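Note sheet for the following structure.
Just so we're clear, the structure is a prediction, and the values are computed from it rather than from any experiment. Side chains included, hydrogens not; waters and symmetry mates left out as well; all remaining heavy atoms used.
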Amino acid sequence: LAQKTVGYYDSLPPQQVTPQTQINRAMALVRAGAALESSGKSDDAFKLLGQAQAEFEKLQASGDHSDSVTYGLAQAIFEQGRTYLTGGRGTPQQLERAIALLRPLVYRADGPREAKLTYADALNYLSHSQPKATGVATCGEARQIVVALGALDLRDLDAAANWADIGDSEARFLMELHRYDEAQKLELQVYDLTEKVLERRPGDIHSMWNRFFAANELGLIADRRHDDTTAMDYAKKSVQAGQDVMRFNPSDLQGWGMW
């Protein structure tokens, strides 16, 4: 669908090309690149993401510093940077640049929702490159951002899925710091919130991932405490969650990895 959108904008006659159509086309390139990356086609993905980044940088150089251009540039850089976590060619430095671009938008009273969601996502990915205690603090900031959007009262299900994802990362850092009680308490909140999101939106793939990670981590916590029965129960739930992702969306390589 994103590639068709790019094709539509490429087919416009010159007199219909405007700054807004250029922004829309560049965002479509970002979406297409993200989809290709998720299906394992990294070379093609980075080609499109690089084109999108160049387009947004060109718009900024021409004097367009609107929210949509700033957000688009940050999103293009974020989609590249986040791949470092799975061994891709992205870097934490790209995440830091995306965060720096988004921060003024996020902490503005009328900051756009999309910028806040991406900002929290970028902090989450960046946290995995930091010392564990620093990662806990980074995740804490990210969770606060999505709480303000309505994550915990389920006013915004995307924000709720983000909160769960970030909370899982934070719980893993707490585990590494041997803060087991805090890790377990937080991961149980993650699991509970994830189930509530899936009750309301069963096809939420992000929450399907969260269910896998939460069950996996709760099993590891129980195992660390020599609670074999609970550990096995959550291990079985994590296997089932991985299978559910794979069955629901077999083109998602991450789902196969979970299973």
Side-chain angles (χ1 to χ4, degrees), residues 1-12 17 21-62 64 68-102 114-115 117-130 158 161-162 165-166 169 203-206 208-210 212-213 242-259:
L1 182 58
Q3 288 171 337
K4 287 182 179 179
T5 306
V6 174
Y8 165 77
Y9 286 112
D10 285 344
S11 70
L12 290 176
V17 174
T21 64
Q22 290 175 305
I23 292 170
N24 294 347
R25 178 183 181 277
M27 281 306 307
L29 286 171
V30 173
R31 304 304 182 202
L36 287 169
E37 178 61 38
S38 293
S39 57
K41 300 174 182 176
S42 293
D43 290 341
D44 293 335
F46 269 75
K47 180 180 178 180
L48 294 186
L49 292 170
Q51 290 175 7
Q53 180 179 339
E55 286 296 318
F56 283 120
E57 289 174 336
K58 182 179 177 181
L59 287 165
Q60 277 200 338
S62 70
D64 189 342
S68 55
V69 169
T70 301
Y71 170 71
L73 176 57
Q75 187 72 29
I77 296 170
F78 164 70
E79 290 292 352
Q80 296 172 73
R82 73 184 181 90
T83 63
Y84 95 90
L85 193 56
T86 53
R89 68 185 73 176
T91 66
Q93 289 71 33
Q94 288 174 307
L95 295 174
E96 290 171 350
R97 184 183 174 195
I99 289 167
L101 284 165
L102 290 170
E114 294 79 7
L117 289 173
T118 299
Y119 182 79
D121 261 346
L123 287 174
N124 187 17
Y125 278 93
L126 180 65
S127 69
H128 289 270
S129 70
Q130 299 173 324
D158 292 330
N162 276 23
D165 194 338
I166 298 160
S169 297
D204 188 321
I205 298 177
H206 193 175
M208 291 183 184
W209 297 347
N210 291 339
F212 166 82
F213 285 119
Q243 290 175 336
D244 288 345
V245 176
M246 179 270 292
R247 291 191 180 108
F248 189 81
N249 185 18
S251 67
D252 185 348
L253 291 187
Q254 186 173 2
W256 285 93
M258 289 176 187
W259 184 37

Which atom pairs, one a donor and one an acceptor, fall under 3.5 Å between side chains of residues 40-51 and the rest of the protein, sequence neighbours left out?
from: S42; atom 1: OG; to: E37; atom 2: OE1; distance (Å): 3.2
from: S42; atom 1: OG; to: E37; atom 2: OE2; distance (Å): 3.4
from: D43; atom 1: OD1; to: R89; atom 2: NH2; distance (Å): 2.4

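- The heavy-atom pair separating A76 from V30 by the smallest distance is CB-CG2, 3.8 Å.
- Take E79 and apply the salt bridge (charged side-chain N to carboxylate O under 4.0 Å, His left out) test, not counting sequence neighbours, and it matches R82.
- The shortest side-chain heavy-atom distance between F56 and I23 falls under the 4.5 Å cut-off.
- Atoms OH and CG, on Y125 and D165 in that order, are 6.5 Å from each other to the nearest 0.5 Å.
- Within the 4.5 Å cutoff, no side-chain heavy atoms of F212 are placed close to those of V245.
- Of the inter-residue distances, the one linking W209 atom CH2 with N249 atom CG reads 8.5 Å to the nearest 0.5 angstrom.
- Interatomic distance, OH of Y8 versus OG1 of T21, reported as 8.5 Å (0.5 Å rounding).
- Rounded to the nearest 0.5 Å, atoms CG (L126) and OG (S169) are 11.0 Å apart.
- By the side-chain contact (heavy atoms from CB on, under 4.5 Å) test, Q60 pairs with H65, V69, T70, L73, sequence neighbours left out.
- Using a 3.5 Å distance cut-off with no hydrogens or angles, the side chains of Q75 and E114 do not pair a donor with an acceptor.
- The closest donor-acceptor contact from the side chain of W256 to the backbone of P250 lies under 3.5 Å.
- Heavy atoms only, all atoms of each residue included: Y71 and M27 are closest at CE2-CE, 4.1 Å.
- Using a distance-only test at 3.5 Å, with no hydrogens or angles considered, no donor-acceptor pair links the side chain of Y9 to the main chain of A28.
- Here the straight-line distance linking atom CG of L102 with atom OG1 of T118 works out to 6.5 Å at 0.5 Å rounding.
- To the nearest 0.5 Å, atoms OH (Y119) and CZ (F78) are separated by 13.0 Å.
- Contact detail for R31 and A2: the closest heavy-atom pair is CB-CB, 3.8 Å.
- Legend: residues meeting side-chain contact (heavy atoms from CB on, under 4.5 Å) with Q243, ordered by chain and number and at least two apart, are V239, Q240, R247, W259.
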Please list every donor-acceptor pair under 3.5 Å in which a side-chain atom of residues 90-98 meets a protein atom from a residue at least two apart or in another chain.
from: T91; atom 1: OG1; to: Q94; atom 2: N; distance (Å): 3.2
from: Q94; atom 1: OE1; to: T91; atom 2: N; distance (Å): 3.0
from: R97; atom 1: NH1; to: E57; atom 2: OE2; distance (Å): 3.3
from: R97; atom 1: NH2; to: E57; atom 2: OE2; distance (Å): 3.1

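- Looking at residues two or more places apart in sequence or on another chain, you find a side-chain contact (heavy atoms from CB on, under 4.5 Å) between D204 and A161, V197, L198, R201, H206, S207.
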